[in-house]
Amino acid sequence: MPELPEVEVVRAGLAPAVIGATVVAASVIDERAITRHEGTAAEFEARLTGRSFTGAARRGKFLWLGIDDGDHALIGHLGMSGQLLLRPAGAPPERHERVRLDIVHAQHGELAVVFADQRTFGSLAIDVLVPTADGAAAGWGTDAALLPSQVAHIARDPLDPAFDDRLWRATLARKNSAIKRVLLDQTVVSGVGNIYADESLWAARIHPETPANLLSTRAARRLLTEVRAVLEKALAEGGTSFDAQYVNVNGQAGYFAHSLNAYGRTGQPCARCGRPIVRDAFMNRSSHFCRHCQRLALAARALG
DNA sequence: TATTTTACCTGAGGGC
DNA sequence: TGCCCTCAGGTAAAAT
């Protein structure tokens, strides 16, 4: 499932091929792939054709390619199963191909950017750029303090130099919700999904159902440190892949699945204490954790 | 207002 | 073999 490391691998892979490239043709094969776009498929295609890309940026799980009209960007969200692939010009259709951009680049020649998505939770759109709320650069891959309007409500991710650690602790202190729910709230901290939430909580020895406002300042700081460590390690290993759900722009899988300590390890021994990792239902999905290392404390200061 | 639940979607895999 | 059911989960709208 594409979370921050996976989306960053895609952004970094796309950047050299698309920055400076011109769109020769755009085709929307399945309109569900542009549900985030306000106009029609024909209008989407027309607005991209003949345009060049000026940059490739990312905040959390959203990425966007700047368009050379200066105030718009092509934004993309991979959802659950979206892939952005670079293919030779004229390559045969991918399985679940939804959108294709034929581009030409001065150094790389003719290429196809293919958006493929099995479950169609992902989407592309052309969106207007707006100033960032804090005036800092919008995210990875850009120095500009401009981001697509649809991304404006998304918090900075923990690897963003402008992420506000004090705001993080203050936000936790006023949230009654379970800490895992807060970790998954993209308006609090972006880029974390179910896999890295479970991994970070395991590393920080915090039970996923712990009310956020019961975490001590120390525990909140420790959790943020572990979130960063988990994301950075996953990024270094090319992301986490299960089956063929997530791949880089060349269709290759990442290796982080081999480094998981909690997610998907139901019944297997905890790497710290040897007791079995358990799986609990959580928000229509699953939480994986160690009942021994991650005690559910319902009193403040018990988690220092 | 703050928080929680639901809809969206396809394919893999288990049970019978 | 084939049908039915469950599961996977990010986002945003809807409900509480």
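By convention in this document, chain letters (A, B, ...) are assigned in the order of the sequence lines, proteins followed by strands, and residues within each chain are numbered from 1.
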(request) Assign each of A/Asn176 and A/Arg98 to its nearest nucleotide of DNA chain B by heavy atoms, then name whichever residue's nucleotide is nearer the 5' end. (result)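 Mapping each residue to its closest nucleotide by heavy atoms, the 5'-most match is A/Asn176.
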(request) Note down the inter-axis angle between the two ends of the helix from B/dA2-C/dT16 to B/dC16-C/dG2, five pairs each, to the nearest 10°. (result)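 One end axis against the other gives 50°.
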(message) Reading DNA chain C in the 5' to 3' direction, which nucleotide is the first one with an atom under 4.0 Å from a heavy atom of chain A, and which is the last?
(response)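 It runs C/dA8 to C/dA12.
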Quick one: which protein N/O atoms are closer than 3.5 Å to N/O atoms of nucleotides 6-9 of chain B? Pair and distance per line, please.
{"from": "B/dC9", "atom 1": "O3'", "to": "A/Arg32", "atom 2": "NH1", "distance (Å)": "3.1"}

(message) Assuming nearest nucleotide by heavy-atom distance, tell me which of A/Val192 and A/Arg279 is located more 5' along DNA chain C.
(response)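 Looking at DNA chain C, the more 5' nearest nucleotide goes with A/Arg279.
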Tell me: [atom1] of [X] to [atom2] of [N], nearest whole Å?
{"X": "A/Arg174", "N": "B/dT1", "atom1": "CZ", "atom2": "P", "answer": "13 Å"}
{"X": "A/Asn213", "N": "B/dA2", "atom1": "CG", "atom2": "C1'", "answer": "13 Å"}
{"X": "A/Leu78", "N": "B/dT10", "atom1": "CG", "atom2": "P", "answer": "18 Å"}
{"X": "A/Arg95", "N": "B/dA12", "atom1": "CZ", "atom2": "C1'", "answer": "11 Å"}

My understanding is that only residues two or more places apart in sequence, or in another chain, count here; which of them pass side chain to side chain donor-acceptor pair (under 3.5 Å) with [X]?
{"X": "A/Glu97", "value": "A/Arg100"}
{"X": "A/Asp198", "value": "A/Lys180, A/His288"}
{"X": "A/Arg98", "value": "A/Asp30"}
{"X": "A/His292", "value": "A/Arg275, A/Arg295"}

(request) Check the angle between the aromatic planes of A/Phe163 and A/Trp168 and answer parallel, tilted or perpendicular using the 30° and 60° thresholds. (result)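 Plane angle between 30° and 60°, so tilted.
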Contacts of [X] that satisfy ring pair (Phe, Tyr, Trp, His ring centres under 6.0 Å) - sequence neighbours left out:
{"X": "A/His77", "value": "A/Phe62"}
{"X": "A/Phe289", "value": "A/His207"}
{"X": "A/Phe256", "value": "A/Tyr196"}

(message) Any base atoms under 4.0 Å from A/Thr35, or only sugar-phosphate, or nothing? Heavy atoms, all strands.
(response)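 Contact class for A/Thr35: none.
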All N/O donor-acceptor pairs, side-chain side in residues 124-132 of chain A, below 3.5 Å, sequence neighbours left out:
{"from": "A/Asp127", "atom 1": "OD1", "to": "A/Ser149", "atom 2": "OG", "distance (Å)": "2.8"}
{"from": "A/Asp127", "atom 1": "OD2", "to": "A/Ser149", "atom 2": "N", "distance (Å)": "2.9"}
{"from": "A/Asp127", "atom 1": "OD2", "to": "A/Ser149", "atom 2": "OG", "distance (Å)": "3.0"}
{"from": "A/Asp127", "atom 1": "OD2", "to": "A/Gln150", "atom 2": "N", "distance (Å)": "2.7"}
{"from": "A/Thr132", "atom 1": "OG1", "to": "A/Gly135", "atom 2": "N", "distance (Å)": "3.2"}
{"from": "A/Thr132", "atom 1": "OG1", "to": "A/Ala136", "atom 2": "N", "distance (Å)": "3.4"}
{"from": "A/Thr132", "atom 1": "OG1", "to": "A/Ala136", "atom 2": "O", "distance (Å)": "2.9"}

(request) For A/Glu45, check salt bridge (charged side-chain N to carboxylate O under 4.0 Å, His left out) against everything at least two apart and list the hits. (result)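 Checked A/Glu45 against salt bridge (charged side-chain N to carboxylate O under 4.0 Å, His left out); zero matches.
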(message) Checking A/Glu43 against A/His37: is there a side-chain donor and acceptor pair closer than 3.5 Å?
(response)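 A donor-acceptor contact under 3.5 Å links the two side chains.
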